[in-house]
Chemist: 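Structure incoming, see below.
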Amino acid sequence: MMLSLLILNFFCLPESGGIALTLKKPPEIPGLPSIDELAQRGGYQATNYEVITEDGYSLWIHRIGNNTGPPVLMQHGLFLAADSWITRGSSKKDLAFMLLDLGYDVWLSNQRGTFFNQYSLKYHKTDPPFWDFSFHESGYYDLPAFIDKILAVRNVQQIFFIGHSFGTVTYSVMCATRPEYNDKIKAAVLMSPVVYQRASNQTSPIMSTLATVRDFVTANAFGRSANIVVGARSPASVQALKVLCGSKSPTQGLCLSIFGLFVGENRINLNLDDFSTFVLYASSTSLRTLIHAAQNRLADQFQQFDFGPKENLMRYNSLKPPKYLLELVTTPTALFWSLNDPTLNEQSVARFASEIPNVITNSVVDDPKFSHADMIIGDNANVILYPRIIEILDSFSLDGGNADQFVIDERVGGRMSSPTIVT
């Protein structure tokens, strides 16, 4: 019964929303630690900024602490929000707090459609047109607005960018469609880059076929203009997740199995208390985002949304949607991925790496069981992954860095040697 309620809640429209002129603070759910409280658990204060995008969406960006070091923008993945980076509240576990302790100025952003996107200037959140967006709009409007806000507050010319999962997609959309923003990013770190995804997230022929059917249904059954919210963060969903996935819940094993199906099974690398907290911070997105992703997987391309031949012709002057020009993604970019990630494989990452011109490293984590989610909440990420990310940021911070000279072993997490600068 509770599982049924959770599924219904996950696919329903939010219970509140409306047009507002301003918000005094980010939304909160009673009984769920807010992003301010999560920051305090890690020893820092959060400063929250409301940002209005060019097309009128209200989004929140959170500055954790007030360090004067190089700014770092961290962008979350699908069905998450900014607070997912700091749910463990420890500088020994969370990358954000590790960076803060080293003096970096950390900013956590929320793309449109999440819990922190409460209104737009045009539509109520419960109006279907509010959800008429995909990851294209998140990359074209949201990330530039966040970057410009950081640059203005800090009075600097460049920032670092760290993205996970669909955060790597919105980054690539931004750099390809608004290439002037490449110059505003000193270096980017992309964890689990899913610009090109596996056509299937399974290796067996049967599951591969089922995944293809899933994508076909998603891309076609709902209609290309289906404006529906998928996912939720509400008092009801939080309570349901506590009951189903809590550390003392008899059904936590089922939660872990479902979680592993989508992000890679590796529960041995998860602290179960950390997991039971992390899942409470799930968030929402638009159905059109999922349709866009399914379209790209079926077409095996990284391209704009396919509205159908007639509307494509009106929007793009072409019967087919245009491809994103990845050769325009010129920011020095580091790629980190793992073998136990159902959303990608070596070939999909290599394809992406071959199409962007300024790759610092294309590195696989040296743990064959390391998963998609381990990038954020894996117990060993602070040992086998985060030090390498910090090495890259440090190098570009101290001596300016040069992607043409920067060499890192392609396998991350083995021998922890310093990067080699080739002269």
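In this chain, numbering begins with 1 at the start of the sequence shown. Just the heavy atoms: all of them, side chains too, but no hydrogens, waters or symmetry mates, feed the values below.
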Chemist: Report the distance from atom OG of Ser109 to atom CG of Leu143, rounding to the nearest 0.5 Å.
Modeler: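 Answer rounded to 0.5 Å: 6.0 Å.
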Chemist: What class does the angle between the rings of Phe302 and Tyr324 fall in, given that below 30° is parallel, 30 to 60° is tilted and above 60° is perpendicular?
Modeler: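 Phe302 and Tyr324: tilted rings.
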Chemist: Quick check for you: to the nearest 0.5 Å, what is the distance between His76 atom NE2 and Phe166 atom CZ?
Modeler: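 Going from NE2 on His76 over to CZ on Phe166, the span is 12.0 Å.
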Chemist: For the CG atom of Asp132 and the CG atom of Leu287, what is their distance to the nearest 0.5 Å?
Modeler: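 The distance works out to 11.0 Å.
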Chemist: Is Asp273 paired with Arg88 through a side-chain N to carboxylate O contact shorter than 4.0 Å?
Modeler: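 A salt bridge is absent here (no side-chain N lies under 4.0 Å from a carboxylate O).
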Chemist: Taking C-beta and beyond as the side chain, do Phe259 and Phe278 meet within less than 4.5 Å on heavy atoms?
Modeler: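 In short, these two side chains touch, coming nearer than 4.5 Å.
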Chemist: Would you say the side chain of Leu80 lies within less than 4.5 Å of the side chain of Trp85, judging by non-hydrogen atoms?
Modeler: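 No, too far: nothing below the 4.5 Å cut-off.
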Chemist: Should the ring pair His292 and Phe135 be called parallel, tilted or perpendicular, given that the plane angle runs from 0 to 90° and is split at 30 and 60?
Modeler: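 Parallel, since the angle between the ring planes stays under 30°.
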Chemist: Would you say the side chain of Tyr140 lies within less than 4.5 Å of the side chain of Met174, judging by non-hydrogen atoms?
Modeler: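 With C-beta onward as the side chain, the pair stays apart.
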Chemist: May I ask you to decide if the ring planes of Phe133 and Phe130 are parallel, tilted or perpendicular, using 30° and 60° as cut-offs?
Modeler: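 Taking Phe130 first and then Phe133, their aromatic rings stand perpendicular (interplane angle over 60°).
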Chemist: How long is the straight-line distance from CG of Leu256 back to SG of Cys245, given to the nearest 0.5 Å?
Modeler: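 Here the rounded value is 7.5 Å.
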Chemist: Is the closest side-chain heavy-atom distance between Lys93 and Asp274 below 4.5 Å?
Modeler: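 The answer is yes; the side chains approach within 4.5 Å.
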Chemist: Assess Arg233 against Tyr281: is NZ or CZ under 6.0 Å from the centre of the six-membered ring, and within 45 degrees of the ring's axis?
Modeler: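 Cation-pi check for Arg233 and Tyr281: fails.
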Chemist: Tell me whether Lys184 is salt-bridged to Asp148, with the criterion being a basic N under 4.0 Å from an acidic carboxylate O.
Modeler: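 Asp148 and Lys184: salt-bridged.
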Chemist: Tell me, yes or no, whether the heavy-atom count around Gln157 atom CD, taken from other residues, nucleotides or ligands under 6.0 Å, exceeds 12.
Modeler: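 Count not over threshold, so no.
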Chemist: Give me the ring orientation class for Phe97 and Tyr44: parallel if the planes are under 30° apart, tilted from 30 to 60°, perpendicular past 60°.
Modeler: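 Because their plane-to-plane angle is under 30°, the rings of Phe97 and Tyr44 count as parallel.
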Chemist: Mind checking the OG-CG spacing from Ser192 to Leu335? Nearest 0.5 Å is all I need.
Modeler: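 One gets 10.5 Å once the value is rounded to the nearest 0.5 Å.
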Chemist: With ring centroids as reference points, do Tyr141 and Tyr57 lie under 6.0 angstrom apart?
Modeler: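 No, ring centres 6.0 Å or more apart.
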Chemist: Below 4.0 angstrom, N of the basic side chain to O of the carboxylate: do Lys320 and Glu311 qualify?
Modeler: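 Salt bridge absent between Lys320 and Glu311.
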Chemist: For residues Glu50 and Ser58, determine if any side-chain heavy atom of one lies less than 4.5 Å from a side-chain heavy atom of the other.
Modeler: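 Yes - at least one pair of side-chain heavy atoms lies under 4.5 Å apart.
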Chemist: Given the side-chain rings of Tyr49 and His62, with only the six-membered ring counted for Trp, is the space between their centroids under 6.0 Å?
Modeler: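 That pair fails the under 6.0 Å test.
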Chemist: For the pair Asp379 and Arg267, find out whether any cationic side-chain nitrogen is under 4.0 Å from an anionic carboxylate oxygen.
Modeler: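 Looking at Asp379 and Arg267, the cut-off is not met.
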Chemist: Salt bridge between Glu355 and Arg351, side-chain N to carboxylate O under 4.0 Å?
Modeler: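 Judged by the 4.0 Å cut-off on N to carboxylate O distance, Glu355 and Arg351 do form a salt bridge.
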Chemist: Can you tell me if Lys242 has over 12 outside heavy atoms packed within less than 6.0 Å of its NZ?
Modeler: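 More than 12 within 6.0 Å, yes.
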